[in-house]
Amino acid sequence: MARRRLRVAGTVQGVGYRPFVYRHAVALGLAGHVSNDTEGVLVEVEGPPERLDELARVLADEAPPLALVASVVSTPLAPTGESGFGIVESRADGAPAVPVSVDVATCANCLREIDDPADRRFGYPFTNCTDCGPRYTIIRSIPYDRPTTTMAGFTMCSACEAEYHDPADRRFHAQPNACPACGPHLRLLAGDGSRLAERGDALESAARALEAGQVVAVKGLGGYHLAVDATSAAAVAELRRRKHRDDKPFAVMVADLAAARSLCVLSPEAEVALSSPRRPIVLAPRRTDPPGAVAEGVAPGLPELGLMLPYTPLHHLLLARVVRPMVMTSGNASDEPIAHADDDAVARLGPMVDLVLTHDRAIHIRCDDSVVRARPGGRVQMLRRSRGYAPEPLALPGRAGRWVLAVGAELKNTVAVARDTSVVASHHIGDLGHLAAYRSFVQAVDHLCHLTGVTPEVVAHDLHPEYLSTKFALDLDLPTVGVQHHHAHIASCLVDHGRRGPVLGVAFDGLGLGPCGTLWGGELLVADLHRFERVGHLRPVPLPGGDRANTEPWRMAMSWLHAAVGTAAAERFGRGVDERWPAVLALVDHPATPTTTSGGRLFDAVAALVGLRHRATYEGQGPIELEACAAGVPFGSVPGYDLDVDVDGGLVVVDPAPLVSRVVAEHDAATPVALISAGFHDGLGRGLADAAVTLARRHGLETVALSGGVFQNARLTEVVARAVTEAGLEVLVHERVPPNDGGISIGQAAIVALGQQ
Ligand code: ZN
Ligand code: ZN
Ligand code: FE
């Protein structure tokens, strides 16, 4: 006889891990007990040594589907002669250290019960078990236990209680366990908050309203959606009007994979992502003219559609009644954060909707839908890492020297903490300029530190002094480290691939602050997790009107025209677009106007030059439409769009001026915009790859990493990646971490945790 302590670390709470230990320990005839504590799961077990070995192996290798075992550490103890095996209740003392599980889509077993008229959960919208259901969004504190969730106020009935305490049951210690007799219920409200119906009647009325083309707010896992019939042009147009959203595409929820396939062309990888229990929105190429197609207004002018499958029982029940694709867009007006608190939701969404389908299980943490994009090669790339992914830890390529809090960027903000060998990033918080988003940011910092047990020793922030996240960091009474924005982008790509570098990093995005107050955004860096050196950049041009250039891409078109073709061309273009052109031209011409190397602004300029988009109603609209219009043109089929690569004081300067003048000449010659766009993408991509390969070789590097918001552009990414690969170098493209500013906190955390020791 021997006795051992097995310490299991990782995501092992709230995922059915203790019953799993119980079942195997009992099957092996071992004595002892298992408990959750603040460091994970603790097992003390006694029996023949070879069976103890077997249990340790099973705990690591055969963990339940939602568990993520980081380590199983075994320590010998003196045998005590204990008999029987038990599960010990959690205690709430000590400093918590375990990241909780992500929210998980309804499992097949639960769906079967919901569909079975003989089951006591028939038609019940809050059915869940240890394999599925809400987690991160309902947790107030840890250890993860019912009293620390928003289910605390519901007392289980005797049937639920029996399941909850039976180690052999699928609902053993399923914290949100509930049934129609004891759990939450649906409620249907009018826009003014008055109650119209309850339970099944609420569901039926909401379904009929959707069929009739009405706008219904639907409470989901991490917030409210605004839902309408996606096949109704009138309903979609009405939703756009009420939500004050002009063009930005809406996501669509379909009942199953077959329905998804009928709307979009899906690679095997895209199908895996779509139907995974994480249930992200998957952006994929739409079919032309499918039967039962969605209205054009869902994603105006775009060749892709954002699809998702139902992920709560309520979604399944609604879609089974409405039987058509539904727009499910975040419940907010234009760019505000998604509504998740019930009173706030009714106040904010009520005026926009006909009905509110809600319930009495509170959402503690707001969590938007995650978004991934299917790339041409089949793989998927993360664009927004939130529900279903947060707060799952990512492995750090090394051990953190200090506990780090990283506060991220200003737009698409996320925050992250690093300790030991992992980094944990929050859900998508959004644009900190909105007061509600800023409040959510402050709450997220607190909550994430609490859940992970990290008391930060150092705070990582962007160099930009005006970012609200930077100001927040500098206000904390802690040591701080400023991390350059594009260095953080490249570091986030390294973490994505478990690398430390050095690599030749190509960081292209909107704008980020360089070390001396310059506005960067098209940078070639030699970088690892310790340091970076700028070895090249895009040619700088004036940025006329600062932030106004974000929403008025025509300003950058004038700047690039002025630089590439000349003043007369800029003047001619400006006259045709906006009466303020003389002021913009004067700025472009003035030596004191700040310049930028932004790659994102170059795309803005080209989108405006070809007449696609002079004014943007959402971030990145011009570049997105520019990429979209080239969708049907094969790679490399439009030759002759070339750029210059110069050397300036040891730095390589990628000068797209020849590309820009070619774009203008082709546009004047009435060449179709699709071909101009393809030529621009392919020419810029090849030129960038050339510069990156030359620089990589010069610095003895074998790997090129592509990061920054511009690399959300699948065509550009593909062209650069192919050319780098053909040159015999390795290329790193984002997969699990967003290339945009949503990944900045992860890069900051890695640099400060691993690099600056
Ligand atoms: Zn389930
Ligand atoms: Zn019950
Ligand atoms: Fe950026």
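Because only heavy atoms are used, hydrogens play no part in the values below, and waters and symmetry mates are left out as well, while side chains stay in. Counting convention: from 1, in listed order, for ligands and their atoms alike. One is the number of the first residue; the rest follow in order along the sequence.
In this structure, H427 has its ring center under 6.0 Å from that of Y136. Between H359 and F126, the distance separating the two ring centers is shorter than 6.0 angstrom. Residues H681 and F603 bring their aromatic ring centres within 6.0 Å. For an aromatic pair to be called close, the ring centres must be under 6.0 Å apart, and H173 with Y164 satisfies this.
Counted within 6.0 Å of CZ on R548, heavy atoms from surrounding residues, nucleotides or ligands total 12 or fewer; the atom is thus considered open. The number of heavy-atom neighbours closer than 6.0 Å to CZ of R278, taken from other residues, nucleotides and ligands shown, is above 12.
Of all the N, O or S atoms in D741, the one closest to the Fe ion (ligand 3) is OD1. Looking at D509 and the Fe ion (ligand 3) together, the shortest N, O or S contact belongs to OD2.
None of T518, L602, L543 except one satisfies the side chain to side chain contact (heavy atoms under 4.5 Å, CB included) rule with T596; the exception is L543. Checking each of K412, Q712, H734 against N740 for a side chain to side chain donor-acceptor pair (under 3.5 Å) leaves exactly one that passes, namely Q712.
Note: H464 and Y467 have parallel aromatic rings, judged against thresholds of 30 and 60 degrees for the angle between ring planes.
The distance cut-off of 2.8 Å around the Zn ion (ligand 2) captures these protein N, O or S atoms, sorted by chain and number: C157 SG, C160 SG, C179 SG, C182 SG. The Zn ion (ligand 1) has C107 SG, C110 SG, C129 SG, C132 SG as protein N, O or S atoms under 2.8 Å away.
Judged by distance alone, the side chain of N413 and the main-chain N or O of G408 form no donor-acceptor pair under 3.5 Å.
Note: R361 CZ to F154 CZ = 8.5 Å, rounded to the nearest 0.5 Å.
Backbone or side-chain N, O or S atoms of H485 reach the Fe ion (ligand 3) at under 2.8 Å.
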